[in-house]
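Here is the structure we will look at, set down as structure tokens.
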Amino acid sequence: MVRPGEGSATMDYDPQDVEEKWRRRWRESGRYEADPGDADETTFVTVPYPYPNGGMHIGHARSYTVPDVYARFRRQRGDEVLYPMAWHVTGTPIVGAVERLRENDPEQMASLKDAFGVPEEDLKDLETPMGFARYFIENYYKQGMEQLGLSIDWRREFTTNDDRYSKFITWQYETLRERGLLEKGMHPVNYCTNERQPVTTHDILEGEDAEFQEFTLIRFSMDHDGDEVVAPMATLRPETVRGVTNAYVHPDGEYVRASVDGESWVVSAEAAEKFDLQGRTVEVERRFAGEELVGASVTNPVTGDEVVVLPATFVDPDNATGVVMSVPAHSPDDYVALREAQDRADDIAAEYGVDPDAIPAIEPVPILEIEGYGGIPARDAVEEAGVESSDNPALHEVTEDLYQDEFHGGRLLDSYGEFAGEVVEDVRERFREHHREAGHFDAMHEFTEEVVCRCGGDVEVAQQETWFLRYNDEAWRETVGEAIARLDAVPENTREQYTHTVDWLEEWPCIRNYGLGTRLPWDDEFVIEPLSDSTIYMAYYTVAHRIDEVPVEELTHDFFDALFYGPDAVDDPPETALELREEWDHWYPVDVRFSANDLVNNHLTFFLYHHAELFDPANWPEGITVMGMGLLEGRKMSSSKGHVALPSEVVDDYGADTVRFFLLNSAEPWQDFDWRSDAVRSTRNALDRFWNRSMDVVDADVPAERPDPAGIDRWLLSKLQAAVRDVTESLENYETRTASQTVFYDFEEHLRWYRRRTDTDRPGARWTLRTVLEMRLRLLAPFVPFMANELHEHLTGQPAEDAPWPAVDPALESRTVEVEETLVRDLTEDVADIVDVTGTDPDVVRVYVAADWKRTVFEAVLDRAPDPDQGAVMGAVMEDPEMREHGDAVNDLVGEMIDFVRETPEEDVTELPGIDEGEVYESVAGFVGREFDADVEVYREDADPHDPADRAGEAVPFRPAIHIE
RNA sequence: GCGAGGGUAGCCGAGCCUGGCCAAAGGCGGCGGAUUCAAGAUCCGCUCCCGCAGGGGUCCAUGGGUUCGAAUCCCAUCCCUCGCACCA
């Protein structure tokens with residue numbers, strides 16, 4: 001019995017022990033530090049740097065392991081490979097995390113303590129943003145990556161808050177500005193009216209999902225205190241302007257008369273503040289109750305018609321302008337409200353002094369027609385739904401439905417002139433622009449729901465001056481389009497997503513008011529936001545370890561110009577910059593970037609934009625492989641709910657190789673994967689089995705020279721060549737699942753058959769198994785580097801990763817042998833079927849090989865492959881008088897053979913004429929006999945066989961007749 | 001609504017591009033057997049229905065179509081997931 005730790009070659013699989021040993025060797029030898037050498041090819045693999053605002057979970061583990069597999073694969077193929085890593089700390093998430101920690105926010109504390117297991121005594125280290133980041137970098141990310149065995153060059157590590165990195169970003173933004181790709185403008189932001197500053201979604205307590213809406217303001221005019229003033233009415237449906245029959249204000253609401261951008265406006269008090277925030281110059285001149293406006297008439301800027309202002313308590317002065325227009329023909333809400341106002345017409349007239357005849361006289365004015373509704377769609381909708389009053393909750397739904405229908409199916413009436421007859425969906429935008437230019441319309445932003453800041457303050461949409469990246473610039477779009485066209489987009493269908501994103505992107509506001517990162521070079525009040533400071537940093541990796549020796553103040557604009565654009569780009573190029581340029585030239589471009597698929601429509605597209613602009617096509621990204629999401633036990637992971645699997649824990653539980661193998665094998669990189677502990681456990685069992693079997697091979701005596709191979713050895717070696725070819729091809733396509741499935745599980749199936757077929761103790765078998773193991777270990781090394789290296793070293797004295805990637809040996813590949821073996825398998829299965837269905841335990845199995853004339857028929861069919869025609873074959877065959885003797889049997893056989901040829905792969909069919917079936921069956925008589933514990937007798941149908949059950953006649957080529965007794 | 005992806009046996013999941021080797025890989029779960037003191041370990045077999053001769057029937061969301069032949073190609077319908085921004 002072998003005791004643990006005894007050092008015998010037959011030791012049990014102990015991943016913790018094996019893995020720690022290799023980690024140490026890699027660390028101490030600097031195995032993955034990549035420096036320019038003289039290899040024929042370089043491979044530069046990148047992945048978005050992690051954002052350490054929390055710990056690392058199993059989804060991250062996969063994101064970094066998939067590139068590692070590719071890196072290891074390319075390394076074994078002889079490339080110089082660079083796989084670097086850094087840390088993204090830009091912006092507010094880390095700052096926000098620290099704030100929530102300081103406030104003892106329960107969700108944050110649960111995430112830190114329960115999900116990530118941060119000990120109480122460490123919490124004090126997390127109280128500054130960089131302290132927080134550093135803690136998770138060191139204790140979670142970096143440690144997790146090392147445990148997983150990622151082949152990263154750690155010398156190049158940096159954070160995006162480093163001074164030198166900022167110099168690089170500074171150069172990037174100065175360059176973009178010089179090229180006119182940055183633009184100053186106004187932009188809507190979330191603004192806390194209490195703190196008097198912009199806030200991010202992380203700071204929002206209520207209404208996190210609220211979106212900005214752009215309301216169109218219809219500039220109604222009215223007489224107020226003897227002046228002509230504007231009463232702007234907000235709407236999302238500007239095309240209904242011709243259907244306005246009246247307006248509403250809240251009689252008790254506070255309204256103001258204000259000067260807005262030099263004009264006199266009447267709006268709610270809240271609206272005046274919003275206009276102020278949205279970049280307009282607002283001076284409130286007088287405040288009054290809404291009641292004061294009731295009864296006034298306002299003039300429609302488009303039609304010139306006058307309509308009356310009515311009181312309504314449903315008006316929310318804190319929504320939009322607080323002055324509402326009513327379109328009863330097309331808005332069920334308005335329709336019902338109007339009916340109710342008309343019911344109370346006398347009261348309203350008496351209370352507010354409105355002309356008593358005005359209210360009953362209001363009639364809905366249709367502005368469009370739509371199939372399925374009459375002239376007044378809102379009336380039909382309301383009546384059909386049986387809604388009688390405004391407090392019926394169904395009214396909301398009726399309104400939504402009608403809006404939807406009218407948007408997609410409503411055609412404007414003749415009064416719309418040039419817009420008449422068009423569908424709302426197609427015409428709204430043009431209509432709005434037309435009237436905006438004519439001065440009839442204006443615009444404002446508003447949230448879709450109420451938004452409250454963490455401080456309790458009201459959050460409003462504010463317009464703020466900002467800098468934009470001009471992603472909608474036509475020339476830039478064209479260049480990035482070329483970059484997309486050249487890209488190896490994996491999977492291929494993502495290419496369209498990049499194109500689509502480019503079409504859809506407008507200007508991108510690239511700065512924020514606060515957060516970590518690089519200040520805007522020409523205005524240090526602002527910081528460049530995270531998606532904008534992470535577009536070309538892969539270039540920084542190439543020099544990161546050497547730039548640390550350059551004093552920060554030397555990292556000028558010229559320095560980077562010289563580095564990236566060469567000695568001619570500046571007058572007096574710094575020597576160091578030119579030295580670093582060689583590193584950059586050596587590694588760039590990025591060969592492949594691996595990234596989660598949700599970054600396609602921002603980060604990855606930005607990545608392409610900036611490369612396309614700042615670098616030559618030769619340095620544009622060559623490939624992007626997108627990755628799917630991770631589930632845990634079938635559910636989404638969530639650190640706040642504690643539903644996460646941590647890499648360090650699962651590596652402790654199962655071993656890094658098991659974790660890696662599961663992550664790589666359970667789905668292709670771009671598919672979603674599901675971390676299920678039962679499946680992971682079964683992966684571990686499979687690796688255990690593999691280890692034990694491998695150790696048996698390691699311990700076996702193997703002849704130095706290859707002994708004479710049995711047929712089955714040649715079969716297994718042929719399968720091995722196919723595996724080498726398939727794994728190589730799959731890995732070139734980043735198909736980690738297919739590749740690992742082929743070399744591991746599929747090959748285990750071949751070995752199962754091999755063990756069943758032959759005595760594995762023969763010298764020939766021992767030699768074969770050893771050769772197979774050695775090759776498989778090399779093929780497995782990218783996936784399970786610890787185990788593969790360990791076993792390969794036991795076997796050959798050299799780690800698998802240092803051995804070259806296997807090549808297909810054509811001498812060991814034989815289609816004929818493989819086809820013969822399928823005949824053996826077919827025979828075995830047929831006998832087993834018969835045994836099964838008859839329930840007999842045979843003493844004798846008789847096998848009858850088809851007569852020669854049947855072979856002739858098969859060959860006649862084969863002559864007309866791949867799509868033989870029954871008539872033609874029959875014509876040819878029947879020319880032979882001997883055939884005619886067999887009569888109808890020939891016809892049946894031709895039909896059967898035609899089906900057989902059609903259904904068999906062409907490369908197999910062509911092998912068949914060279915195969916002597918009888919010989920094949922005779923050579924496996926011993927094996928088949930053992931399988932069924934019976935004597936096996938092989939006969940030829942036309943050689944006067946012993947045929948007690950009269951079966952021989954049923955034999956057809958490659959389907960022998962069988963009789964069991 | 002727009003854009004992308006998807007619906008395959010108890011479950012997960014391959015196959016679909018390039019139609020026939022597909023009753024449809026593999027895993028999990030379940031059943032039976034072997035080994036074992038025992039086992040969540042390993043090994044062998046079974047796991048749509050019928051069948052005492054290698055066979056037959058039905059099947060890949062639904063309904064049509066193309067084809068000698070459809071899980072695979074085309075059309076329509078239903079359902080599900082993700083993204084739609086200034087947030088990493």
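By convention in this document, chain letters (A, B, ...) are assigned in the order of the sequence lines, proteins followed by strands, and residues within each chain are numbered from 1. Keep in mind the model is a prediction, meaning the values are calculated, not measured.
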Query raised in the report: For B/A9, which nucleotide in any strand shown is its Watson-Crick or wobble partner with both distances under 3.5 Å?
Result: none
Query - Donor-acceptor pair present, A/R846 side chain and B/A53 base, under 3.5 Å - result: no
Query raised in the report: Just to confirm, is there a sub-4.0 Å distance from OP1 or OP2 of B/A14 to any side-chain nitrogen or oxygen of A/Q671?
Result: yes
**Report entry** Identified pairing partner of B/G19, criterion: Watson-Crick or G-U wobble below 3.5 Å
**Finding:** none
Report summary line: Among the nucleotides B/A88, B/U42, B/G20, whichever has the atom closest to the side chain of A/N685 is B/U42
Query - Of the listed nucleotides B/C44, B/G54, B/A88, the one nearest the side chain of A/N602 - result: B/A88
Requested in this report: Name the pairing partner of B/G83, where a pair is Watson-Crick or G-U wobble with both distances under 3.5 Å, or state none.
Outcome: B/C2
Requested in this report: Please report, rounded to the nearest Å, how far the P atom of B/G5 is from the CG atom of A/D598.
Outcome: 17 Å
**Report entry** Nucleotide opposite B/A14 in a Watson-Crick or G-U pair, distances under 3.5 Å
**Finding:** none
Query - Nearest-nucleotide pick for A/W504, side chain only, options being B/A85, B/U42, B/A88 - result: B/A85
Query - Opposite nucleotide pairing with B/U67, Watson-Crick or G-U, both atom distances under 3.5 Å - result: none
Query raised in the report: Below 6.0 angstrom between ring centroids: does that apply to A/F606 and A/W508?
Result: yes
Requested in this report: Please check if the distance between the ring centroids of A/Y848 and A/H963 is under 6.0 Å.
Outcome: no
Query raised in the report: A/W670 and A/Y734: aromatic ring centres closer than 6.0 Å?
Result: no
Query raised in the report: Is there a Watson-Crick or G-U wobble partner for B/U62 with both distances under 3.5 Å, and if so, which one is it?
Result: B/A76
Query raised in the report: Is any side-chain N of the basic residue among A/D830 and A/R959 closer than 4.0 Å to the acidic one's carboxylate O?
Result: yes
Requested in this report: Let me know the distance between CE of A/M897 and P of B/C68, rounded to the nearest Å.
Outcome: 23 Å
Query - Under 3.5 Å side-chain donor-acceptor pair for A/T90 and A/T160 - result: yes
Report summary line: A/H603 atom NE2 is separated from B/G83 atom P, nearest whole Å, by 18 Å
Query raised in the report: Going by modelled atom types, is there a donor-acceptor pair between the base of B/G54 and the side chain of A/D830 at under 3.5 Å?
Result: yes
Requested in this report: Return the value, rounded to whole Å, for the distance between atom CG of A/L631 and atom P of B/U81.
Outcome: 13 Å
Query - Pairing partner (Watson-Crick or G-U wobble, both distances under 3.5 angstrom) of B/G51 - result: none
Query raised in the report: Can you tell me the Watson-Crick or wobble partner of B/C31, both distances under 3.5 angstrom?
Result: B/G45
Query - Given B/G54, B/C52, B/A88, the nucleotide with the shortest approach to the side chain of A/I834 - result: B/G54
